[in-house]
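Only a predicted model underlies this, so the values are computations on that prediction, with no experimental measurement involved.
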Amino acid sequence: MPTLLLLTLACAKDDPTDTALDTQDPGSAVVLHINELMASNSSGVQDEGGAYPDWIELYNPGDQDIDLTGYRITDDLDEPDKYILAGVTVPAGGYLLLYADGDTDEGLQHLGFKLSKDGESVGLYTVADELVDSVRFEAQETDISYARVSDGAAEWVTDDTPTPGAANE
């Protein structure tokens, strides 16, 4: 029976549309966190075009990179397919910053939606449409982030010292 399970996983791994298994050990679940976000950025993080977009930070506590090709991210949990990611990876033990600016022409890290500073939800889904993580935030102040107390922790706080791409403390 274990041999059959390994064959099943090997077949799924050969499927190019099934990226959830590409960076995971057989039988392990993907662990990713929506770790920090800023819904009103006017002077903090600047993108490669010089703008100050809203942003979402993902954190991978695991020891293997996670390719997000085919994963979905949304600011409306009733519409999980709002934006499908492609060509971006969260490094092992690291972070990925995504720009929620509605300007997908600027690159792979730019999402097709903006965050509302009045509050809303953000959800991340696997290729198989399984919810990986979500967060609901209330109205946000400009240049103040909403972050987990420490990376991957359950508790969230507003933070006047954002740490995009670095550890939350």
[X] and [Y]: which non-hydrogen atoms are nearest, and at how many Å?
X    : Y    : answer
P164 : V45  : CG-CG2, 3.3 Å
N35  : G152 : OD1-N, 3.0 Å
T142 : S42  : CG2-OG, 3.2 Å
L131 : L124 : CD1-O, 3.5 Å
W55  : P162 : CZ2-CB, 4.0 Å
I34  : D133 : N-OD2, 2.8 Å

Any [X] side-chain heavy atom under 4.5 Å of [Y] side chain:
X    : Y    : value
Y125 : I73  : no
V135 : Y146 : yes
I56  : L115 : yes
D143 : M38  : yes
L96  : L68  : yes

Any donor-acceptor pair under 3.5 Å linking the side-chain atoms of [Y] with those of [X]?
X    : Y    : result
S145 : E36  : yes
N41  : D54  : no
D76  : T74  : no
S150 : N168 : no

Exercise. Between E120 and S116, is there a donor-acceptor pair closer than 3.5 Å when you use the side chain of the first and the backbone of the second?
Worked result: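 The answer is yes, because a donor-acceptor pair under 3.5 Å joins these two groups.
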Exercise. Which salt bridge (Lys or Arg N to Asp or Glu O under 4.0 Å) pairs, counting each pair once, include a residue from residues 104-114, with sequence neighbours left out?
Worked result: none
Please tabulate, for the side chains in residues 77-91, all donor-acceptor contacts under 3.5 angstrom to protein atoms that are two or more places apart in sequence or on a different chain.
| unit_1 | atom_1 | unit_2 | atom_2 | d |
| --- | --- | --- | --- | --- |
| D81 | OD1 | R72 | NE | 2.7 |
| K82 | NZ | D75 | OD1 | 2.6 |
| Y83 | OH | H110 | O | 3.3 |

Problem set entry | L32-W156 co-clustered via ILVMFWY side chain contacts under 4.5 Å |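 Result: yes, single cluster for both.
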For this session: Step through the shown structure and confirm whether more than 12 heavy atoms of other residues, nucleotides or ligands are within 6.0 Å of CD on E48.
Result: yes
